[in-house]
A.B. asks: 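Sharing a structure, written as structure tokens. Questions coming.
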Amino acid sequence: MVNDTSKDTSSNENHTRSAPVEELSANERIKVASNYLKGTIIDSLANVATGSMTEDEGQLLKFHGTYQQDDRDLRKNRRSHKLEPAFSFMIRVRVPGGVSTPQQWLQMDDIAEDYANGTIKLTTRQAFQFHGVIKSNLKRTMNEINLSLLDTIAACGDVNRNVMCNPNPDLSKHHAETIALSHAISDHLTPKTTAYHEIWLTDEAGEKLKVTQEPEPIIGDSGDELEPIYGKTYLPRKFKIVVAVPPSNDVDIYAHDLGYIAIIEDDKIVGYNVTVGGGMGMTHGNEKTFPRLAEVLGFCTPEQAVAVAEAIVSVQRDFGDRKIRAHARLKYTIDDHGLDWFRDKVEERLGFKLGEERPFKFDHNGDRYGWVEDDKGNWHHTLFIQNGRVRDDADAKMRTALRAIAEIHTGDFRLTANQNLQIANVSADKKPEIEALLNEYKINTTFDRSALRLNSIACVALPTCGLALAESERYLPDLITELDSVLEEEGLTHDAITIRMTGCPNGCARPYIAEIAFVGKGSGKYNLYLGGGFVGDRLNKLYRDSIVDTEIVNTLRPIIRDYAQHREKGERFGDFVIRKGYVVATEHGRDFHANLKLD
Ligand code: SRM
Ligand code: SF4
């Protein structure tokens with residue numbers, strides 16, 4: 001262990017953990033009072049008089065992987081009938097590296113049917129989400145998730161979240177190593193509190209369920225329970241880690257707090273470039289908040305990687321801002337103090353120096369669809385799942401189809417970081433059977449769409465997300481249909497352009513690195529950003545503020561035409577709009593709001 005937080009070996013210099021409690025953000029007070037995330041959740045779950053939990057409990061529930069929500073489509077009507085909002089819970093299931101067995105898929109499918117809204121949502125962080133679970137079913141649903149040997153602890157909250165990893169088993173031995181690393185980091189940084197088991201993993205009679213190994217409480221010198229890496233107050237804010245395998249940047253490494261870029265020399269992973277300080281969230285009109293790209297901190301060997309994660313987490317734990325939550329992510333800690341300061345702190349805790357950055361190259365950040373064969377002769381099929389929503393509808397019976405596939409599949413499923421799904425590790429013998437099901441359910445050509453759609457991501461937004469200012473998942477598919485006709489007129493149907501939409505500026509679809517992005521401003525209104533890097537390595541820039549949805553196609557049409565007619569060979573849309581002066585390139589997150597246009 002790098003740093004024993006029970007003794008808090010961090011220096012006192014400029015860190016807010018020891019600030020007077022009244023100066024800290026409300027969430028810090030809630031964490032301290034919660035006794036390692038227990039709070040009053042057990043009592044409140046037993047209260048059947050209301051479908052909701054208290055505000056403080058809501059904050060703690062996040063650490064357990066669930067959010068209280070209400071159906072926003074019904075809000076007005078229920079208010080007018082003097083009814084409490086239609087409360088329900090979203091549950092996020094951690095799937096480190098995105099690997100799920102067919103059996104787990106079937107169990108997720110059962111949960112979607114029995115307790116949620118009949119859909120499985122694949123998220124932008126390789127996780128499963130369920131929406132619409134009512135309070136009286138919450139504990140039972142958590143039980144069932146754990147019976148599948150997946151869990152929800154630390155899927156949300158001020159801790160390290162689901163660790164993402166390139167899901168392509170066709171990278172064979174490299175993939176096995178990177179997935180093992182993401183599991184090792186995930187396990188190491190999972191909270192050790194016993195609260196999760198106490199609250200969720202007991203049966204009706206209060207007997208403990210033997211689903212996963214219950215952590216032994218870690219008792220300190222004073223006889224109290226301890227949380228060895230995080231301490232009582234966990235992290236100042238959420239923390240996100242990814243592992244990328246070049247040339248694919250499918251995990252969008254630059255958007256995350258901490259990243260590992262596999263460096264492959266002589267066909268071996270010799271180590272990782274370590275990136276820090278990425279993040280997407282900002283607030284409209286608040287220039288002190290901004291998206292920021294991660295930077296390379298240095299290089300570590302595979303054996304050092306877990307210790308590096310712990311050291312970085314511990315520096316953020318001690319120096320991240322605990323007073324202003326909007327300034328609490330690692331990106332601001334690094335921006336305020338500088339990368340060199342940060343490296344010194346990390347190396348001090350590690351007791352060794354990081355190596356020099358090694359060369360690498362990314363060439364895309366989306367998914368690659370259809371069948372690929374690996375060097376062991378196994379096959380992998382990536383399906384395009386529009387915005388990650390697995391459901392049966394008039395177009396396709398995707399849920400039923402995937403259930404049928406899971407029933408006979410002997411390999412595994414891989415959730416991608418772009419809300420898609422890979423049916424992975426299909427043996428050559430089994431491939432015809434899987435293909436027959438893909439054909440039967442007419443999902444054999446999910447990727448037979450415009451390259452714009454295949455490179456699109458929308459966040460959930462309405463009706464479940466409490467923070468949404470505008471539609472996203474329910475609107476982007478239709479907008480793309482309209483844009484597809486413009487692309488067809490210009491002969492660009494097969495040209496990949498990244499397009500992303502979010503219902504608010506929090507950035508859940510990682511919009512600020514897309515070549516075209518829409519960020520909700522209000523009902524039917526969006527900020528339009530242009531000029532992100534095709535491989536996710538450059539922030540975009542505001543092109544139009546608050547345009548109404550009906551203006552979008554006409555605003556983009558002339559730019560798309562210009563691109564079709566005047567692009568240079570191989571020139572990406574994001575690079576073109578900068579060269580032609582539609583927007584100025586954003587060199588750094590701090591300049592994100594500086595809306596300078598060239599003459
Ligand atoms: Fe997110 C909050 C959905 C990935 C940045 N995000 C939320 C909440 C929980 C709203 C809330 O706090 O009440 C949304 C729930 C909506 C719903 O009904 O399901 C929500 N975020 C999502 C998902 C489901 C979007 C999706 O359509 O796939 C993604 C779940 C990922 C997962 O499995 O863990 C999701 N969120 C992201 C990402 C992308 C990523 O991590 O790769 C980001 C940007 C990266 C980053 O963190 O900087 C992201 N979500 C946020 C933020 C802004 C954080 C910030 O630093 O400002 C919030 C708001 C907050 O934390 O206060 C937020
Ligand atoms: Fe909700 Fe905003 Fe995230 Fe979309 S970006 S899911 S609207 S918090």
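One-based numbering, in listed order, for ligands and for the atoms of each. Because only heavy atoms are used, hydrogens play no part in the values below, and waters and symmetry mates are left out as well, while side chains stay in.
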A.B. asks: With heavy atoms under 4.0 Å as the rule, classify the contact between Glu473 and ligand 1 as side chain, backbone, both or neither.
C.D. replies: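 Neither part.
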A.B. asks: Could you walk me through whether Tyr526 and Tyr475 satisfy the ring-ring contact (aromatic ring centres under 6.0 Å, His included) test, starting with their C-alpha distance in whole Å, then the side-chain angles of each, then the deciding distance to 0.1 Å, before giving a yes or no?
C.D. replies: CA-CA 12 Å; Tyr526 297 86; Tyr475 173 48; 5.7 Å; yes
A.B. asks: With sequence neighbours left out, write down each residue that passes salt bridge (Lys or Arg N to Asp or Glu O under 4.0 Å) with Asp73, or none if nothing qualifies.
C.D. replies: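 Only Arg474 meet the salt bridge (Lys or Arg N to Asp or Glu O under 4.0 Å) criterion with Asp73.
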A.B. asks: If we check side-chain hydrogen bond (donor to acceptor under 3.5 Å, both in side chains) with Arg322, which of these qualifies: Asn27, Thr233, Asp158?
C.D. replies: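 In the set Asn27, Thr233, Asp158, the residue that makes a side-chain hydrogen bond (donor to acceptor under 3.5 Å, both in side chains) with Arg322 is Thr233.
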A.B. asks: Taking heavy atoms and a distance under 4.0 Å, where does His131 meet ligand 1: side chain, backbone, both or neither?
C.D. replies: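 Looking at His131 and ligand 1, just side chain atoms fall under 4.0 Å.
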A.B. asks: With Glu113, which residues qualify under side-chain contact (heavy atoms from CB on, under 4.5 Å), at least two apart?
C.D. replies: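 By the side-chain contact (heavy atoms from CB on, under 4.5 Å) rule, Glu113 matches Arg399.
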A.B. asks: Give every protein N, O or S atom lying under 2.8 Å from atom 1 (Fe) of ligand 1, naming each by residue and atom.
C.D. replies: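 N, O, S partners closer than 2.8 Å: Cys508 SG.
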A.B. asks: Please classify the Gln126 to ligand 1 contact at 4.0 Å (heavy-atom distances, strictly less than): side chain, backbone, both or neither.
C.D. replies: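 Near ligand 1, Gln126 shows nothing, with every heavy atom at 4.0 Å or more.
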A.B. asks: Do Thr152 and Tyr196 pair up side chain to side chain, a donor and an acceptor below 3.5 Å, judged on atom types alone?
C.D. replies: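 Result is yes, a qualifying pair exists.
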A.B. asks: Determine whether Val460 and His131 make a side-chain contact, defined as any pair of heavy atoms from C-beta on separated by less than 4.5 Å.
C.D. replies: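 SC-SC contact between Val460 and His131 confirmed.
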A.B. asks: With 2.8 Å as the limit, jot down which protein N, O or S atoms are around atom 3 (Fe) of ligand 2.
C.D. replies: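 Near atom 3 (Fe) of ligand 2, below 2.8 Å, one finds Cys508 SG.
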A.B. asks: Provide, to 0.1 Å, the distance between atom 48 (O) of ligand 1 and the closest protein heavy atom, together with that atom's residue and name.
C.D. replies: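 Looking at atom 48 (O) of ligand 1, the protein heavy atom closest to it is Met280 N, 2.7 Å.
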